[in-house]
A.B. asks: 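Could you have a look at this structure, given as structure tokens, before my questions?
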Amino acid sequence: MNVRPNPDAPIIGSAPHELQGNLNFSERGLSDPMAGYWALCKLIRQHDGGTEIETEIPWAVDPHPSVPIDDLQNPQEKVTISLYYGTDSEGNPAGSIAPHPEFGLSQDRGMWEPRIKIRGAGERKASFHIRPRYAEMVHVDTGDRISSPFDYDHQPDRGYNVRVQGSNLEPDEYLHVLREACKALAEDVDENWGDGRFDNPLPTSNIDQYERYLRLSRKLAEKLTREGGAFHQLAMLLSDEAGSKGAYFWDNGGVHSYMNRFLHDEIGASAMIPGHQHGSQLKVYHPEKPRSDPSDPLYYPKFGALFTRQMSEISLNDGTVPWSKREELSRELEERLVNVLAWSGVPIDPNDLGADSEEEYGAYVPDWHFRADATDLEPELADDPTPEIERSQESMIVRSLQRMTDSGLNLTEQLIADGGHARYDDLAAGAEVSASTVYRWLQRMGEAVESDNGVITFHSANLREQFEDIVGRTVTKFVQTVDNAMRRADTVLEKDAYQRTAGDEFENWRDKWGAKVVDDGDVLELGTCLPHPDRGHDAPVDAGDVTKDGLEAWTNSGHGPGKFPQKVVWEDEVGDRQREDPNELIQAAQMDRVPEAVQ
């Protein structure tokens with residue numbers, strides 16, 4: 001878990017955006033489990049087929065500060081409520097479900113499907129599509145079976161379904177506004193709606209789409225979407241996760257971060273944050289027509305996390321989320337938003353303006369629904385998953401390049417030119433080397449490349465991208481390529497060390513050089529091919545430099561220098577095994593220049 005400098009500091013909260021779900025009801029204890037459905041059909045008749053009324057209903061949450069309130073003790077929301085029914089192909093008030101013979105209705109016309117729409121403050125809106133349900137339903141025209149949860153043996157065989165869609169309401173508000181709307185519609189025709197309806201959804205009720213969001217400054221949003229930013233890093237990280245699915249889309253048309261989307265499935269969710277179970281779409285986006293006035297909240301982009309089963313033909317989740325787990329889903333989506341912000345260096349304290357905040361608003365920009373206040377969902381902060389994979393893969397790069405010959409460099413460049421995926425014979429032909437040279441290169445590259453049935457690929461898309469960047473910067477000598485690799489490795493390790501405790505510094509050093517302490521602590525094995533410091537090589541780093549760096553990391557991690565291993569073993573650049581006293585290696589390193597890559 002990531003530990004904040006001030007654990008008691010508040011954490012920015014998110015706001016609900018869109019939600020879709022199915023709520024199933026069967027009114028137990030009543031003579032008719034479909035009583036709520038029949039009552040709505042009666043209201044439609046009493047309103048001559050439908051109506052629209054303007055009224056006020058009680059708030060179920062604290063009103064947004066931008067909403068004018070007349071009575072602070074009993075705040076009411078001004079709403080417009082519409083009641084109507086679905087129609088068949090001829091415009092008659094009917095649906096597709098044939099009535100059960102026991103209902104006493106005409107069998108040649110589908111049952112009514114009442115609909116209620118509610119529009120409240122700002123962009124708060126909700127729609128409800130109420131449909132009858134009974135076991136073994138059939139289509140009124142075709143006679144085909146229509147399956148539903150009411151077919152299950154362990155569920156009631158009669159009731160009704162409420163298809164819920166809306167935006168900018170908390171999940172628990174939907175049933176509240178539905179109940180209040182039905183009361184208002186009933187009172188409008190001098191009826192009493194009564195209590196107890198829409199109170200207890202059945203366990204088969206679920207959520208199939210749900211998004212939470214916050215709004216932040218343009219400058220801070222770029223930390224998420226720029227090259228090397230959170231979206232880019234996470235896409236590279238999860239592309240190497242076994243069995244995972246995802247995608248990264250960007251559109252900077254008109255304005256930077258106009259529409260950037262990162263998709264990941266359930267496997268990716270747990271790889272990002274331990275314990276997370278649901279795939280999502282992370283999105284930074286502007287309105288369809290970006291605003292140009294910095295005083296307009298819509299000038300600043302939203303950052304949202306959307307739970308959905310599928311997006312852009314990519315399966316993100318195997319199923320829906322039970323309605324009873326709505327609070328857990330809210331917390332997971334908000335945790336994902338907050339953690340990605342924290343990993344990107346964006347301040348997550350709503351009171352922290354941040355170095356890249358906008359003058360007028362600060363780091364976060366309130367709108368008509370997002371308050372830019374502290375959360376009450378108690379999200380947990382996880383460690384950034386990207387440094388771990390970067391540290392491992394940068395180590396692969398260092399070790400591979402240290403072992404590489406000129407022909408190996410040509411093969412690496414050829415694999416990059418082939419898009420990171422090529423057959424060994426095509427690779428040999430492109431680099432103008434023999435097949436045996438390709439096999440020796442594969443051994444020297446270690447885990448950085450993989451061979452499967454003659455097809456050679458990089459270990460991951462992230463690794464291919466970094467090799468491409470490193471090799472692309474080579475100008476004259478191969479040694480400069482190695483130096484570039486180690487500079488990049490040091491950058492990653494230093495950044496990671498900043499986030500970890502001081503006691504991990506030696507572990508960072510071991511990861512970087514593939515080192516192991518063996519023989520009860522007496523021997524230090526270096527896993528990287530390195531020149532001997534006395535051989536007069538011009539390499540940017542040798543075994544003395546690495547051992548000196550290791551002793552410094554050892555002491556900085558709290559170990560006594562007298563307990564450092566008494567022997568260092570490694571393979572030199574030609575594969576010969578070397579064994580030396582660490583004191584002699586360190587002395588040789590001190591007499592030589594300290595390479596920039598190890599500083």
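Note that the numbering runs from 1 along the sequence shown for the chain. FYI, side chains are in, hydrogens and waters are out, and symmetry mates aren't considered; it's all heavy atoms of this structure.
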A.B. asks: Do side-chain atoms of D542 reach the backbone of D545 as a donor and acceptor pair under 3.5 angstrom?
C.D. replies: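 Looks like yes, one N/O pair under 3.5 Å.
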A.B. asks: I'd like to know if the side chain of N252 and the backbone of S257 have a donor-acceptor N/O pair within less than 3.5 Å.
C.D. replies: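 Confirmed, N252 side chain pairs with S257 backbone.
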A.B. asks: Take the angle between the ring planes of W554 and F564 and call it parallel below 30°, perpendicular above 60°, tilted in between.
C.D. replies: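 Rings of W554 and F564: perpendicular, as their planes differ by over 60°.
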A.B. asks: With a 4.0 Å cut-off, would you call R218 and E222 a salt bridge?
C.D. replies: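 Salt bridge: no.
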A.B. asks: Which residues satisfy the side chain to side chain donor-acceptor pair (under 3.5 Å) test with S436, sequence neighbours excluded?
C.D. replies: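 Once residues adjacent in sequence are excluded, the partners of S436 under the side chain to side chain donor-acceptor pair (under 3.5 Å) criterion are S434.
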A.B. asks: Just by distance, do the side chain of W343 and the backbone of A382 share a donor-acceptor pair under 3.5 Å?
C.D. replies: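 The answer is yes, because a donor-acceptor pair under 3.5 Å joins these two groups.
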A.B. asks: Say you draw a straight line from CG of L526 to CD of E571; how long is it, rounded to the nearest 0.5 Å?
C.D. replies: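 Going from the CG atom of L526 to the CD atom of E571 covers 11.0 Å.
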A.B. asks: Side chains of L341 and F303: does their closest heavy-atom pair fall under 4.5 Å?
C.D. replies: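 The answer is yes, as the side chains (C-beta and beyond) meet within the 4.5 Å cut-off.
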A.B. asks: Taking all non-hydrogen atoms of both residues into account, name the closest pair between E507 and R510 and its distance.
C.D. replies: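 Closest approach of E507 to R510, heavy atoms only: OE1-NH2, 2.8 Å.
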A.B. asks: Which pairs of donor and acceptor atoms, one on a side chain in residues 281-288, lie under 3.5 Å apart (sequence neighbours left out)?
C.D. replies:
| from | atom 1 | to | atom 2 | distance (Å) |
| --- | --- | --- | --- | --- |
| Q281 | OE1 | R261 | NH1 | 2.9 |

A.B. asks: One thing to verify: whether D425 and R423 come together as a salt bridge, which I'm taking to mean a side-chain N less than 4.0 angstrom from a carboxylate O.
C.D. replies: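 D425 and R423: salt-bridged.
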A.B. asks: Would you confirm whether Y300, through its side chain, and P294, through its main-chain N or O, come within 3.5 Å as a donor-acceptor pair?
C.D. replies: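 Between the backbone of P294 and the side chain of Y300 there is a qualifying donor-acceptor contact (under 3.5 Å).
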A.B. asks: Can you tell me if E432 has over 12 outside heavy atoms packed within less than 6.0 Å of its CD?
C.D. replies: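 Count not over threshold, so no.
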A.B. asks: List the steps, then state whether side-chain hydrogen bond (donor to acceptor under 3.5 Å, both in side chains) holds for Q209 with E18.
C.D. replies: CA-CA 7 Å; Q209 193 162 297; E18 58 188 78; 2.5 Å; yes
A.B. asks: Salt-bridge test for R331 and E335: reply yes if a basic N is under 4.0 Å from a carboxylate O, no otherwise.
C.D. replies: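 Here R331 does not pair with E335 in a salt bridge, since their nearest N and O are not under 4.0 Å apart.
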A.B. asks: Look at the side chain of N317 and the backbone N and O of G279, then say whether any donor-acceptor pair between them is shorter than 3.5 Å.
C.D. replies: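 Flag set: sc N317 to bb G279 pair under 3.5 Å.
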A.B. asks: Are there more than 12 heavy atoms of other residues, nucleotides or ligands under 6.0 Å from atom NZ of K567?
C.D. replies: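 Atom NZ in K567 is crowded, with more than 12 foreign heavy atoms closer than 6.0 Å.
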A.B. asks: At their closest point, which heavy atom of P297 faces which heavy atom of D367, and how far apart are they?
C.D. replies: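 Closest heavy-atom pair between P297 and D367: CB-CB, 4.0 Å.
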A.B. asks: Give, for atom OG of S315 and atom CZ of R309, the distance between the pair rounded to the nearest 0.5 Å.
C.D. replies: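 Between S315 OG and R309 CZ, I get 7.5 Å after rounding to 0.5 Å.
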A.B. asks: Can you name the closest pair of heavy atoms from G319 and F307 and give their distance?
C.D. replies: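 Closest pair (atom of G319, atom of F307, distance): O-CZ, 3.7 Å.
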A.B. asks: State the CD-CG distance between Q277 and D318, to the nearest 0.5 angstrom.
C.D. replies: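 Reported to 0.5 Å precision, the distance equals 12.0 Å.
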A.B. asks: With under 30° as parallel and over 60° as perpendicular, where do the rings of F262 and F231 fit, or are they tilted in between?
C.D. replies: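 Rings of F262 and F231: tilted, 30 to 60°.
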A.B. asks: From N339 CG over to I11 CD1, what is the distance, rounded to the nearest 0.5 angstrom?
C.D. replies: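 Going from the CG atom of N339 to the CD1 atom of I11 covers 8.5 Å.
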A.B. asks: A quick test of your reading: do over 12 heavy atoms of other residues, nucleotides or ligands sit less than 6.0 Å from CG of D522?
C.D. replies: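 Buried by this count: over 12 neighbours within 6.0 Å.
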A.B. asks: Give me the atom names and distance for the closest heavy-atom approach of G228 to Q233.
C.D. replies: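 Result for this residue pair: O-CG, 3.3 Å.
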A.B. asks: Has E332 got a side-chain atom pairing as donor or acceptor with H278's backbone, closer than 3.5 angstrom?
C.D. replies: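 Answer holds: yes.
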A.B. asks: Look at the side chain of R226 and the backbone N and O of L224, then say whether any donor-acceptor pair between them is shorter than 3.5 Å.
C.D. replies: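 Side chain of R226 to backbone of L224: no pair is present.
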A.B. asks: Taking side chain to side chain contact (heavy atoms under 4.5 Å, CB included) as the test, write out the residues that go with D452, two or more places apart.
C.D. replies: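 Applying side chain to side chain contact (heavy atoms under 4.5 Å, CB included) to D452 gives none.
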A.B. asks: State, to 0.1 Å, how close I314 and G246 come at their nearest heavy-atom pair, and which atoms those are.
C.D. replies: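 For I314 versus G246, the nearest heavy atoms are CD1-O, 3.9 Å.
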A.B. asks: Can you measure from CZ (R215) to CD1 (I12) and round to the nearest 0.5 angstrom?
C.D. replies: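 Separation between the atoms: 12.5 Å.
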A.B. asks: So does M236 get a backbone contact from the side chain of S239, meaning a donor-acceptor N/O pair under 3.5 Å?
C.D. replies: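 Pair found, side chain donor or acceptor close to backbone of M236.
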A.B. asks: Testing the basics here: between P16 and Y213, what is the closest heavy-atom pair and its distance to 0.1 Å?
C.D. replies: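 Heavy atoms of P16 and Y213 come nearest at O-CE2, 3.8 Å.
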A.B. asks: Any idea how W250 and Y248 line up, ring-wise: parallel (<30°), tilted (30 to 60°), or perpendicular (>60°)?
C.D. replies: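 Tilted, since the angle between the ring planes falls between 30° and 60°.
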A.B. asks: Got a donor-acceptor contact below 3.5 angstrom from the R212 side chain to the S14 backbone?
C.D. replies: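 Yes.
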A.B. asks: Could you tell me if N583 and Q587 have a donor-acceptor pair between their side chains, going purely by distance under 3.5 Å?
C.D. replies: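 Their side chains do not contain a donor-acceptor pair, so the 3.5 Å distance test is not met.
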A.B. asks: Could you walk me through whether Q414 and D418 satisfy the side-chain hydrogen bond (donor to acceptor under 3.5 Å, both in side chains) test, starting with their C-alpha distance in whole Å, then the side-chain angles of each, then the deciding distance to 0.1 Å, before giving a yes or no?
C.D. replies: CA-CA 6 Å; Q414 186 62 45; D418 290 338; 3.2 Å; yes
A.B. asks: Does L377 offer a backbone N or O that forms a donor-acceptor pair with the side chain of T375 under 3.5 Å?
C.D. replies: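 Yes; judged by distance alone, with no hydrogens or angles, the pair exists.
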